[in-house]
Every structure is written in structure tokens, then in C-alpha cells.
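The block underneath contains the structure these notes are about, expressed in C-alpha cells.
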Amino acid sequence: MAGKKLTCLDCGQVNRVPDERLSEGPKCGTCGAALMPAKPVEVDLATLKKAAATDEVPLIVDFWAPWCGPCRMMAPEFSKAADALRGFARLIKINTEDHPGAGQGYGIRGIPTMIAFQGGRERKRQSGAMPAAQIVSWAKSG
């Protein structure tokens with residue numbers, strides 16, 4: 001069966017979704033949660049690690065903290081980008097204050113930082129706040 005593997009961001013179950021259904025709002029076969037949500041999903045470190053290692057569609061991670069002004073400014077732009085990238089990539093957020101191991105484990109030196117994962121590997125990273133159009137362009141490039 002062809003398709004892409006996606007980790008459910010709610011229950012952690014790995015699902016296989018046919019390519020043609022990625023933009024049709026697929027749901028987890030175990031818990032029913034959206035697998036390609038139109039808004040970024042806040043995750044914990046364990047979910048991030050599993051999704052980064054397993055997902056076969058681009059996974060864009062925003063490493064942020066609530067005290068960070070640029071992070072708060074970028075949050076609505078990241079949400080707009082998530083909607084624009086629906087069916088192509090999943091956008092998730094991890095709070096580095098609540099999950100300090102995330103920042104350390106992924107070598108985050110400054111926030112906000114975005115990392116794109118696909119097929120179990122880090123593909124690229126970008127630090128600094130960006131508008132939605134630039135996030136979309138960055139996610140789709142190379």
C-alpha cells in the first residue's frame with residue numbers, strides 16, 4: 001500500500017495515509033485526531049522525537065518560549081503558514097521552557113528557530129522570526 005507515514009500528534013500512533021488523501025483532512029485510525037491539521041500543534045519532546053524519526057511528509061518544528069518577543073510575534077504567522085502548507089507539511093511547536101531537553105537535544109542556540117525534518121533526518125533550519133509567506137517559501141524550498 002502506497003502512502004506516507006504520519007505519527008498522530010495526539011496519541012503517537014503511526015498511520016499510513018495515501019498521497020492523494022493528504023490534503024483531504026485525514027484522521028488517526030486510533031484516536032480520530034487530525035493528521036494534517038490546519039493549525040500548528042503544541043507537542044512534547046517524546047512526540048517530537050517520534051514524529052521527526054517516522055514522518056514521511058515534511059515536519060516543520062518551531063522551537064519557541066513564551067517570554068520571547070519575536071516568538072510571540074511569529075506565532076500568528078506560523079499559524080497562517082500551517083494553513084497554507086496543509087496537505088504538504090505539518091507544522092508543530094515545542095515550548096523550550098517547558099521542554100528544555102528539546103533545545104539542548106536539537107542544538108538550539110536562539111529562538112525562534114525552525115527545523116524541517118523529513119524521513120527521519122533534519123533537512124534544514126532557520127533562526128529568527130519570519131512572516132507567513134517567507135515560512136511557506138522556506139518550507140517548500142530545497
Side-chain angles (χ1 to χ4, degrees), residues 1-66 68 70-142:
M1 176 182 178
K4 302 276 193 249
K5 284 194 266 182
L6 294 170
T7 304
C8 177
L9 301 173
D10 281 1
C11 73
Q13 179 66 39
V14 177
N15 294 260
R16 185 170 294 279
V17 178
D19 293 339
E20 64 275 6
R21 294 213 46 239
L22 287 173
S23 60
E24 296 175 4
K27 295 187 184 305
C28 176
T30 301
C31 73
L35 292 172
M36 296 291 287
K39 298 289 179 204
V41 176
E42 186 77 33
V43 299
D44 60 21
L45 183 54
T47 303
L48 167 58
K49 285 181 177 180
K50 185 170 185 178
T54 306
D55 284 13
E56 295 176 341
V57 299
L59 181 72
I60 312 296
V61 184
D62 175 20
F63 292 83
W64 74 286
C68 167
C71 297
R72 289 194 316 268
M73 285 180 6
M74 190 173 94
E77 298 299 310
F78 197 68
S79 286
K80 290 177 197 170
D83 190 40
L85 290 166
R86 190 172 187 195
F88 172 78
R90 298 199 303 169
L91 278 67
I92 64 174
K93 298 172 72 72
I94 187 152
N95 182 333
T96 57
E97 189 172 284
D98 290 346
H99 306 283
Q104 295 163 354
Y106 290 99
I108 303 301
R109 302 280 180 252
I111 53 174
T113 292
M114 290 186 303
I115 299 181
F117 294 94
Q118 188 171 5
R121 297 180 39 163
E122 178 180 331
R123 298 293 181 198
K124 58 186 171 179
R125 68 173 57 205
Q126 174 72 44
S127 292
M130 294 192 293
Q134 195 174 352
I135 294 169
V136 170
S137 177
W138 177 83
K140 289 185 172 183
S141 70

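What you are looking at is a predicted structure, and each value in this text was computed from that prediction instead of being measured.
- Heavy atoms only, all atoms of each residue included: Met74 and Pro112 are closest at CE-CB, 4.0 Å.
- Considering only residues two or more places apart in sequence or on other chains, Glu42 meets the side chain to side chain donor-acceptor pair (under 3.5 Å) condition with Trp64.
- Between Leu9 and Thr47, some side-chain heavy-atom pair lies under the 4.5 Å cut-off.
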Derivation of the side-chain contact (heavy atoms from CB on, under 4.5 Å) call for Ile92 and Phe117: CA-CA 11 Å; Ile92 64 174; Phe117 294 94; over 6 Å; no
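- Proximity of a side-chain donor or acceptor of Asp44 to a complementary backbone N or O of His99 within less than 3.5 Å is not detected.
- In terms of heavy atoms, Ile60 sits closest to Ala116 at CD1-CB, 3.6 Å.
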Residue pair Lys80, Ile135: steps toward the side-chain contact (heavy atoms from CB on, under 4.5 Å) verdict: CA-CA 9 Å; Lys80 290 177 197 170; Ile135 294 169; over 6 Å; no
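- One finds the CD1 atom of Ile94 at 5.0 Å from the CG atom of Leu45 (value rounded to the nearest 0.5 Å).
- In this structure Lys27 satisfies the side-chain contact (heavy atoms from CB on, under 4.5 Å) test with no other residue, sequence neighbours excluded.
- A donor-acceptor pair under 3.5 Å links the side-chain atoms of Arg72 to the main chain of Pro66, judged by distance alone.
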Steps toward side-chain contact (heavy atoms from CB on, under 4.5 Å) verdict (Leu48, Tyr106): CA-CA 11 Å; Leu48 167 58; Tyr106 290 99; 3.6 Å; yes
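- Although no hydrogens or angles enter the test, the distance criterion places no donor-acceptor pair under 3.5 Å between the side chain of Lys50 and the main chain of Val14.
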